[in-house]
Amino acid sequence: MRKSEVIKEISARTNLRAGDVKLVLDTLAEIMREKLSKGERINLAPIGIFKVKELKPTKIRHIKTRQLMEIPARKKVQYTPHSSMIIRR
């Protein structure tokens, strides 16, 4: 589902204008980006938890040259779904 489809769906269910819904989604994304860049954890109860995870530096071997290379430490956003979001079979 694309952003425009989400906006249309929320707009139809809430009777809000699509422009207002887009503004809310954009603001939410901006706030999340700011908080995650500071290393803060975001807990959206019906959706899940977003947090920054530190990855250690790793060593890999280049496939063609067989030369040992190091990938530096980095950060990534980790998402853990809320229990209500998990689809059980």
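For the atom pair NZ (K22) and OG (S4), the distance works out to 10.5 Å, reported to the nearest 0.5 Å. One finds the OG1 atom of T58 at 10.5 Å from the CE atom of M69 (value rounded to the nearest 0.5 Å). The CD atom of E54 sits 4.5 Å away from the NZ atom of K75 when rounded to the nearest 0.5 Å. L44 CG to M32 CE: the interatomic distance, rounded to the nearest 0.5 Å, is 5.5 Å. Note that the CG atom of D20 and the OG1 atom of T14 stand 9.0 Å from one another [nearest 0.5 Å].
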Side chain to side chain contact (heavy atoms under 4.5 Å, CB included) between I71 and K56, intermediate numbers included
CA-CA 9 Å; I71 297 176; K56 299 184 286 187; over 6 Å; no

Could you check V52 against K76 for side chain to side chain contact (heavy atoms under 4.5 Å, CB included), going step by step and ending with a plain yes or no?
CA-CA 6 Å; V52 177; K76 76 171 195 170; over 6 Å; no

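Taking the side chain as every heavy atom from C-beta outward, I49 and R41 approach each other to under 4.5 Å. In this structure, the side chains of R61 and L68 come closer than 4.5 Å at one or more pairs of heavy atoms. Looking at V77 and K51, their side chains never come closer than 4.5 Å, going by heavy atoms from C-beta outward.
In summary, E34 and K38 do not engage in a salt bridge, as defined by a charged side-chain N under 4.0 Å from a carboxylate O.
For Q67, the CD atom is loosely surrounded, since the number of other residues' heavy atoms within 6.0 Å does not exceed 12. The environment of NZ in K8 is sparse: at most 12 heavy-atom neighbours from other residues, nucleotides or ligands sit within 6.0 Å.
The ring-ring contact (aromatic ring centres under 6.0 Å, His included) contacts involving residues 26-72 comprise F50-Y79, where partners must be two or more places apart or lie in separate chains.
For the side-chain contact (heavy atoms from CB on, under 4.5 Å) test, residues two or more places apart in sequence or in another chain that qualify with I31 are T27, K35.
Among all heavy-atom pairs drawn from P46 and S84, the shortest one is O-OG, 3.7 Å. In terms of heavy atoms, A18 sits closest to S11 at N-OG, 3.7 Å.
H82 places a side-chain N or O within 3.5 Å of a backbone atom of A45 that can act as its donor or acceptor partner.
Annotation for V21: hydrophobic cluster partners, listed by chain and number, are M1, V6, I7, I10, L16, L25 (ILVMFWY side-chain heavy atoms under 4.5 Å, direct or chained).
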